[in-house]
Amino acid sequence: MALVSLRHDPLRVDELIAATAGPDHGGIAVFIGTTRRDADRTEVVALEYEAYEELALAELEAVAAEAEALGARVAISHRLGRVAVGEASIAIVAAAAHRPAAFAACRLAIDEAKRRAPIWKRTVHADGTAVWRDGVSAPVS
Amino acid sequence: MALVSLRHDPLRVDELIAATAGPDHGGIAVFIGTTRRDADRTEVVALEYEAYEELALAELEAVAAEAEALGARVAISHRLGRVAVGEASIAIVAAAAHRPAAFAACRLAIDEAKRRAPIWKRTVHADGTAVWRDGVSAPVS
Amino acid sequence: MVTGMPDDIDVTVMLFASLKEAAGTDRLQIRVPAATPVGAVWAHLPEPIRSTAPPTALRYALNDRWIAPGTPMSGGDRVALILPVSGG
Amino acid sequence: MVTGMPDDIDVTVMLFASLKEAAGTDRLQIRVPAATPVGAVWAHLPEPIRSTAPPTALRYALNDRWIAPGTPMSGGDRVALILPVSGG
């Protein structure tokens, strides 16, 4: 399995863990981002993700490489399309010899992936309205 | 599933994630500790874990409660008996509204679980020798 | 400069998120003078988008790479307009 | 004080890891004077363990709770000797 991927179906954390596994790893840190019910005014029922796929893959690969420079093996998978409340939109796995490097690489990867990858979401509300989070329709959060 | 458990069979990270899941969680941080081939002199083929089970459960429950005070839902599962290279000996899941709390709770839980839970391992080497890591036979690492 | 001149070039503009929605398409073909900078693309978008000010945080990619807005375009280029991202 | 006196008590000592291995068992029954402190258990372990110094980092649990070594024991108590841990 590729260490960086964009998927239109549910993320498979177990596959990411298997992809990063190795006998010299003693610690695996994982981050899973999920759709939160949230609700400023109306309840969120799903997020819908869209990517500039070519550049998003390149950017996530760059992020994974930067995280691996901290001493870990890193895999990143981002889901596109509709992601219902409770489902995962991003999964990051960082496997390292010891847990400090695993945690540091995982944290760097999620922070940078969110900051840099050209991927956008819109919040879909229970009342049927949908709002892009792209700084135009609504602030990025 | 109990949020804190000691198991003699392989850990199920998916069950821990399900046990902590909730619609108000946007981030799930996971740590998995695995047996590392290591090797000072002879290669490690497995770790064998033993617990003072009653107190270990109580201590892990206390650790989970402290981690939850950081704003997360926390599950901890520790495997006992033989854990081969690459297999998981401990799994911790911390689910929270946002990722900083999830990471902080996960990191606190693994650090404190390792420091406090009355659980011991011995390293089983490829040459058949085994050494307890309990400060008597060999330093704790 | 008038479109259709020999030194005009055709470029593709890629749109995402609310820009895509506002334009009703994810790709536009536009004809601009050769060497037009990437940052000048906004004025070639369809109405009513072009009448609004481009978002201050707008960034650009040229042929799948991040690029500075002053970079000149060549014929066949693909320019992407990148609004503030919200993945993860 | 001699064992078998009316104010002697029976307590269970729980052993783990290399202590269990050295003793050849995970539980010992010992008879000690009433109110003997938890920290005095080491001297009642079988040879050759009792002839070695107790590890400086040794901690104690009494009836499944952490306890200070000066705590006096009562009949039927379970005392656990806790070597430095290495779980995780």
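Numbers restart at 1 for each chain; the letters A, B, ... are given by sequence-line order, proteins then strands. Computed from heavy atoms alone, side chains included, the values below leave out hydrogens, waters and symmetry copies.
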Interface residues of residues 94-109 of chain A facing chain C - non-hydrogen atoms under 4.5 Å apart
none

Kindly compute the distance separating CG (C:L58) from CG (C:L83), expressed to the nearest 0.5 Å.
6.0 Å

Just so I understand: if I count every heavy-atom pair under 4.5 Å between each of C:R65, C:E21, C:R59 and chain A, which residue has the most?
C:E21

A:A88 versus chain C, heavy atoms under 4.5 Å apart: side chain, backbone, both or neither?
neither

Identified ring pair (Phe, Tyr, Trp, His ring centres under 6.0 Å) partner of C:F16 from the options A:W132, A:Y49, A:Y52
A:Y52

Looking at every non-hydrogen atom in both residues, tell me the closest pair between A:R115 and C:V85 and how far apart they are.
O-CG2, 3.4 Å

A:D134, A:I90, A:V83: which one forms the most heavy-atom pairs within less than 4.5 Å of chain C?
A:D134

State which residues pass salt bridge (charged side-chain N to carboxylate O under 4.0 Å, His left out) with A:E50; sequence neighbours excluded, sorted by chain then number.
C:K20

As an exercise, state the distance from OG of A:S5 to CD1 of A:I76, rounded to the nearest 0.5 Å.
9.5 Å

Which atom pair, heavy atoms only, marks the closest approach of C:W42 to C:T52?
NE1-O, 2.9 Å

Is it the backbone or the side chain of C:A57 that comes under 4.5 Å from a heavy atom of chain A, or both, or neither?
neither

Minimum heavy-atom distance A:I119-A:A56, with the two atoms named
CG1-CB, 4.0 Å

Verdict with reasoning, C:L81 to C:L15, per side chain to side chain contact (heavy atoms under 4.5 Å, CB included)
CA-CA 6 Å; C:L81 302 186; C:L15 302 172; 3.9 Å; yes

Within residues 58-71 of chain A, contacts to chain C at heavy-atom distances under 4.5 Å involve A:E59

Any sub-3.5 Å donor-acceptor pair from C:S86's side-chain atoms to A:K121's backbone N or O?
yes

Which residues satisfy the salt bridge (charged side-chain N to carboxylate O under 4.0 Å, His left out) test with A:R79, sequence neighbours excluded?
A:E87

Take atom CZ of C:R50 as the centre, draw a 6.0 Å sphere, and report whether it contains more than 12 heavy atoms from other residues, nucleotides or ligands.
yes

Does any heavy atom of chain C fall under 4.5 Å from the side chain of A:A113, the backbone, both, or neither of them?
neither

For each of A:G33, A:P118, A:A91, A:S89, tally heavy-atom pairs with chain C at distances under 4.5 Å, and name the one with the top tally.
A:P118

Taking the six-membered ring of A:W120 as reference, does the NZ or CZ atom of A:R133 fall below 6.0 Å from its centre and within a 45° cone about the axis?
no

